[in-house]
Amino acid sequence: MRERLLAAEKVKSIEWLDGRLNLLDQRKLPVEEIWCSHDSAASVAAAIRDMVVRGAPAIGISAAYGLVLAVRARIADGGDWRQALEEDFKVLADSRPTAVNLFWALNQMRERLDRLKPGEDPYAALEAQAISIHDSDREANLAMAQFGVDLIRRHQGNPQNLLTHCNTGALATGGFGTALGVIRAAHLEGLVERVYVDETRPWLQGSRLTAWELLGDGVPAMVNADSAAAHLMKSRGISWVIVGADRITANGDVANKIGTYQLAVLAMHHGVRFMVVAASSTIDMALESGEEIQIEERAGSELLEVDGRRFAADVEAFNPVFDVTPADLIDAIVTEKGVVERPSAAKMAELMSRKRLH
Ligand code: MRU
């Protein structure tokens, strides 16, 4: 399947070229395809904060390249570049709080710095580390697609209706996608009747990004209002809800885009299976449960305005952009290390003790 998936790769949103980080501006899609070029950690941090690049793995990869840009600038400035680099670590870490991939990637970069040998070029070492983070995310996507398809096929071998939330495809990752990677692979295997795509208020990652990716792949897709999910499950024979994750804790709780938790509750009620797809870089074994995850809250204007024009009453808005799905509502967590069914702390620990496949 690996070769078929690689042949089906089309979209990418992150490009490291000639010492600059180019990001496809996801705020403009699908109307315009505009690339922004970044040459400093501050500019990469702003791109993450302002949603030019979004999706947990894509944020982590971008932050790693941000550090590469930072080390070059700090060395050129002279003085104690290691000390000065701490500011860049902080600026990047402060860009968004919930997706652990950001902190995981920065940690990988710090560990690489700590392993520098005397006389080794820090820029070359960090550049190689960032490229390796990017490449291994791409590989993880391919492995997860295979595991996810196997899981779908094990339960039912004929074409099925799937429901997904937010964007978890090539735009959100370094490769084929997490949840959308499984869905795209399932389509290639003839296992998809139709994909229902939650529009995903307020940023509309579903209707703007996921639908665009699925159309590009020729996957039958329909967008629905987030609030249509219960009706969909009751009336359209959905067999799986398949979503990504921004942080998974040691007990298997999953933080993902706001609205994921209600989908899991609805899925349980309607007997629909619930699959989470995320690389092990999204698993945070330092946190015992989802209670400890910091949930990002963004400006109320994201709910009250369209294109900068207010349409709502003169009221305040509560705008948490992630929620936590408890492990006991999840049928399977699919990672590149393997699949955990009915997640528990013991099963998550066993998964994380397995060696990485690449
Ligand atoms: O706010 P966003 O667009 O960064 O949120 C993205 C999500 O919640 C995705 O579902 C999640 O990061 C999984 S991405 C492969």
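Side chains are part of it too, since the values below use all heavy atoms of this structure and drop only hydrogens, waters and symmetry mates. We count ligands from 1, going down the list as the structure has it; atoms in each ligand are counted the same way.
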(message) Counting non-hydrogen protein atoms only, what is the nearest one to atom 15 (C) of ligand 1? Give residue, atom name and distance.
(response) Thr178 OG1, 3.1 Å

(message) How far is atom 11 (C) of ligand 1 from the closest protein heavy atom, and which atom is that?
(response) Asp246 OD1, 3.1 Å

(message) So for Phe322, does at least one of its heavy atoms come nearer than 4.0 angstrom to any atom of ligand 1?
(response) yes

(message) Counting only heavy atoms not in His155 (residues, nucleotides, ligands), do more than 12 fall under 6.0 Å from its NE2?
(response) yes

(message) Counting C-beta onward and ignoring hydrogens, is there a side-chain heavy-atom pair between Arg54 and Leu209 closer than 4.5 Å?
(response) yes

(request) May I ask you to check whether Gly55 has an N/O atom sitting below 3.5 Å from an N/O atom of ligand 1? (result) yes

(message) Regarding Thr173 and Asn141, do their side chains bring together a donor and an acceptor under 3.5 Å, going by distance alone?
(response) yes

(message) Is Arg96 close enough to touch ligand 1? Criterion: a residue heavy atom under 4.0 Å from a ligand atom.
(response) yes

(request) Could you tell me whether the side chains of Gln26 and Trp203 share a donor-acceptor contact shorter than 3.5 Å? (result) no

(message) Looking only at distances, can you tell me whether any N or O atom of Pro57, backbone or side chain, sits closer than 3.5 Å to an N or O atom of ligand 1?
(response) no

(request) Could you tell me which atoms of ligand 1, counted from 1 in the order shown, lie closer than 4.0 angstrom to a heavy atom of Thr168? (result) 10 (O), 13 (C), 15 (C)

(request) Taking the side chain as every heavy atom from C-beta outward, state whether Gln160 and Glu193 have any atom pair closer than 4.5 Å. (result) no

(message) Looking only at the side chains, is there a donor atom on one of Asp198 and Thr200 sitting less than 3.5 Å from an acceptor on the other?
(response) no

(request) May I ask whether Asn256 has any heavy atom positioned less than 4.0 angstrom from an atom of ligand 1? (result) yes

(message) Is it the case that the side chains of Asn167 and Thr210 hold a donor-acceptor pair, with the cut-off being a distance below 3.5 Å and no angle test?
(response) yes

(request) Check ligand 1 against Thr173 and write out every atom of the ligand that is under 4.0 Å from a heavy-atom position of the residue. (result) 15 (C)

(request) Within a distance under 4.0 Å of any heavy atom of Cys166, pick out the atoms of ligand 1 and give their elements. (result) 5 (O), 6 (C), 7 (C), 8 (O), 9 (C), 10 (O)

(message) Tell me whether ligand 1 is touched by Asn101 - counting only heavy atoms on the residue side and a distance under 4.0 Å.
(response) no

(request) With heavy atoms of Ala56 as the reference, note each atom of ligand 1 found under 4.0 Å away. (result) 12 (O), 14 (S)

(request) Begin from the C-alpha positions of Glu87 and Arg74 and carry the test salt bridge (charged side-chain N to carboxylate O under 4.0 Å, His left out) through to its verdict. (result) CA-CA 10 Å; Glu87 246 177 74; Arg74 294 300 183 182; 3.7 Å; yes

(message) Around atom CD of Glu297, are there more than 12 heavy atoms from other residues, nucleotides or ligands closer than 6.0 Å?
(response) yes

(request) Answer yes or no for Met51: is there a heavy-atom contact with ligand 1 below 4.0 Å? (result) yes

(message) With heavy-atom distances below 4.5 Å as the criterion, would you say the side chains of Glu15 and Trp35 are in contact?
(response) yes

(request) Could you tell me the residue and atom name of the protein heavy atom closest to atom 5 (O) of ligand 1, and the distance to it rounded to 0.1 Å? (result) Lys257 CE, 3.3 Å

(request) Number the atoms of ligand 1 from 1 as they appear, then name those within less than 4.0 Å of a heavy atom of Gln205, with their elements. (result) 1 (O), 2 (P), 3 (O)

(message) Could you check whether any heavy atom of Ala99 sits closer than 4.0 Å to an atom of ligand 1, since that is the contact criterion I want to use?
(response) no

